[in-house]
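Both backbone and side-chain heavy atoms feed into the values below; hydrogens, waters and symmetry mates do not. Both counts, for ligands and for their atoms, begin at 1 and track the order of listing.
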Amino acid sequence: MGRFYITTPIYYTNDAPHVGSAYSTVNADALARWHRLIGDETKFLTGTDEHGQKVADAAAKNDHSPAEWVEQTSERFREAWRTLNISNDDFIRTTEARHHESVQKFLSTIYENGYIYKDIYQGLYCVSCEDYYTPETAVDGKCPIHARALIEMEEENWFFKLSAFEDRLLEYYEQHPGFVTPETKRNEALSFIKGGLRDISITRTSITWGVRVPWDEAHVFYVWYDALINYLTAIGYGRDDEEVRKWWPYSNHLIGKEIIRFHCVWWPAMCMAARLEPPAHVHVHGWLLIGGQKLSKTMAAEGGVKLTDISPIVLTNEFGVDPVRYYLLRETSLGNDGEFSLEGVTLRYNTDLANNLGNLVARVCTVVESKCGGEGPAASLDSALRPAAEKAILDNVAAWERFNPQSALEATWSLIGATNAYLEQHAPWKMEPGEEVRRVIGDALEAIRIVAMLASPAMPSVCDEIWRRIGLDETIGSATFEESTRWGQYQPARRVQKGEPLFPRIHTS
Ligand code: ME8
């Protein structure tokens with residue numbers, strides 16, 4: 001049994017969650033569920049990033065104090081994640097006392113270690129990114145991501161000596177080739193480092209909405225500086241050293257590609273400055289795009305994309321929770337960008353779910369009711385389906401290990417395809433009741449049991465329902481992974497029920 005600590009980015013509370021934030025969260029959830037299924041001790045963290053100029057501006061615009069505003073918005077994230085059946089073990093809010101405590105402890109350690117100094121900051125700032133640009137990295141004086149005018153800033157700030165970590169970071173990357181995946185994103189992070197690192201301004205006096213700098217009360221920490229530390233707050237940094245030692249070597253940060261520099265350059269350097277190992281892995285995913293444009297809260301607020309039409313809750317009302325989860329995991333390979341469309345969700349629903357999986361379960365349960373007296377027969381040990389099932393299991397193990405839910409689901413759907421083909425070939429619905437029907441249907445029931453187990457990280461409720469329909473009352477994952485993936489574990493003579501269609505077809509005109 002291993003250990004697995006997985007985190008999502010913590011989301012800005014300037015606005016409600018959208019399908020882009022759901023994308024990261026559902027992927028992290030499926031990974032956490034997979035690791036629990038294979039028996040790993042798992043911790044899954046998500047939460048909200050509640051400080052910074054962007055959140056303070058949103059609160060002011062809505063006539064709320066920042067504290068009132070983040071209270072409401074953070075709750076909208078929790079509500080969305082409850083709706084999407086997200087199994088996080090903790091939900092961190094950066095306004096919590098435990099977080100302030102960990103941030104102050106962590107940054108005081110860096111300060112004491114000599115990596116923080118005071119200087120004048122002069123530069124260009126994008127409030128939407130909460131990030132600085134130089135004249136070289138700006139595009140026509142505007143932010144390259146948001147195309148917004150950059151603000152000229154001049155303040156006396158505390159700085160972090162990021163420049164001192166260039167060589168150590170390069171060495172860390174060399175010694176840990178799997179630190180950042182996929183390879184293309186690793187190269188991107190490496191080229192940031194090789195391009196030369198400048199020290200970063202890490203505090204503000206112009207705003208008060210943030211974590212106070214313990215050695216200089218006039219300052220609050222710059223939002224990214226407090227935000228990154230959330231991953232340590234949740235495992236007790238500065239409060240419970242044993243818990244930190246338990247989880248930190250197994251940390252996996254799942255992030256979107258626009259925040260590579262923070263997670264793959266700043267964050268490992270900050271950890272080094274605090275004399276802590278950098279995080280074990282950063283997995284970078286691409287963006288969901290609509291008409292080629294990133295679906296971001298900031299752009300939506302500016303009228304570029306209509307966000308309310310694609311809130312995760314609205315989507316689940318339309319298609320159901322598990323189909324939305326399935327779409328998000330299946331449509332796009334985790335490192336690449338993907339185009340989001342309602343037509344795409346409908347197509348996946350009707351083909352993969354209604355035609356392939358739903359139809360498989362329905363036709364098998366129907367034959368059990370009509371020709372096997374409602375009781376599921378046993379699988380044959382030399383079944384023609386067995387190699388397909390064993391391959392699907394091995395492919396799943398490899399795909400989840402590579403952080404590739406899409407390829408895991410493809411492997412599971414190959415088994416569904418093989419089982420449907422096996423049924424077409426033997427057509428048990430045309431046979432007289434007897435041994436031959438029982439053999440074919442027993443094999444199919446065993447394949448369905450394995451499919452439901454393999455697909456459960458993606459579609460937990462539907463897969464539980466499939467287990468119930470084929471008469472299994474144990475919950476998925478109650479036996480060890482080794483035991484439950486062995487062919488022939490379906491216990492015969494269980495009561496099988498056809499029930500309502502799992503995925504009623506969506507009619508498109
Ligand atoms: O960046 N497609 O928060 P944020 C896919 N608070 N994923 C998307 C997406 C899209 N169109 N839009 C957003 C922040 N995301 C910081 C993070 S972590 C210490 C601090 C996802 O609310 C993606 O994971 O802007 C991205 O990295 C994250 O939401 C950014 O969320």
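Within the listing of ligand 1, atoms 5 (C) sit less than 4.0 angstrom from a heavy atom of G286. Distances below 4.0 Å separate heavy atoms of Y23 from the following atoms of ligand 1: 5 (C). Atoms of ligand 1 found under 4.0 Å from any heavy atom of H263, numbered from 1 in the order shown, are 18 (S), 19 (C). Counting the atoms of ligand 1 from 1 in the order shown, those under 4.0 Å from a heavy atom of S24 are 21 (C), 23 (C), 24 (O). Every atom of ligand 1 is numbered from 1 in the order shown, and the set under 4.0 Å from a heavy atom of I259 is 1 (O), 27 (O). Each of the atoms 16 (C), 17 (C), 18 (S), 19 (C), 20 (C) of ligand 1 lies under 4.0 Å from some heavy atom of W224. Atoms of ligand 1 lying under 4.0 Å from at least one heavy atom of D49, given by number and element, are 6 (N), 16 (C), 20 (C). Distances below 4.0 Å separate heavy atoms of H285 from the following atoms of ligand 1: 5 (C), 7 (N), 23 (C), 24 (O).
At under 3.5 Å, not a single nitrogen or oxygen of N230, backbone or side chain, sits near a nitrogen or oxygen of ligand 1. Ligand 1 has an N or O atom lying under 3.5 Å from an N or O atom of Y12, backbone or side chain. At under 3.5 Å, a nitrogen or oxygen of L288, whether backbone or side chain, sits near a nitrogen or oxygen of ligand 1. Note: an N/O pair closer than 3.5 Å links G256 and ligand 1 by distance alone. Taking only nitrogen or oxygen atoms, main chain and side chain alike, I255 does not reach within less than 3.5 Å of ligand 1.
For F340, the closest heavy-atom approach to ligand 1 does not fall below 4.0 Å.
In summary, the side chains of N113 and R275 do present a donor paired with an acceptor at a separation below 3.5 Å, with no hydrogens or angles considered.
In this structure a side-chain-to-backbone donor-acceptor pair under 3.5 Å is present from D199 to S163. Between the side chain of S21 and the main chain of H18, a donor-acceptor pair closer than 3.5 Å is present. Checked by atom type and distance alone, the side chain of R239 pairs as donor or acceptor with a backbone atom of T233 at under 3.5 Å. Side chain of D29 to backbone of T25: no donor-acceptor contact under 3.5 angstrom is found.
Comparing F262, Y11, Y231, W287 against atom 18 (S) of ligand 1, the shortest heavy-atom distance belongs to Y231.
Contacts of E258 with ligand 1, taken as heavy-atom pairs under 4.0 Å, involve the side chain alone.
Within the 6.0 Å centre-distance limit, the rings of Y115 and F165 are counted as a close aromatic pair. Between Y132 and Y121, the ring centre distance stays below 6.0 Å. Centroid-to-centroid, the aromatic rings of F340 and Y327 come within less than 6.0 Å.
At a threshold of 4.0 Å, the pair E188-K257 does not count as salt-bridged, since none of the basic side-chain nitrogens sits closer than that to a carboxylate oxygen.
R330 meets the salt bridge (charged side-chain N to carboxylate O under 4.0 Å, His left out) test with D352; sequence neighbours excluded.
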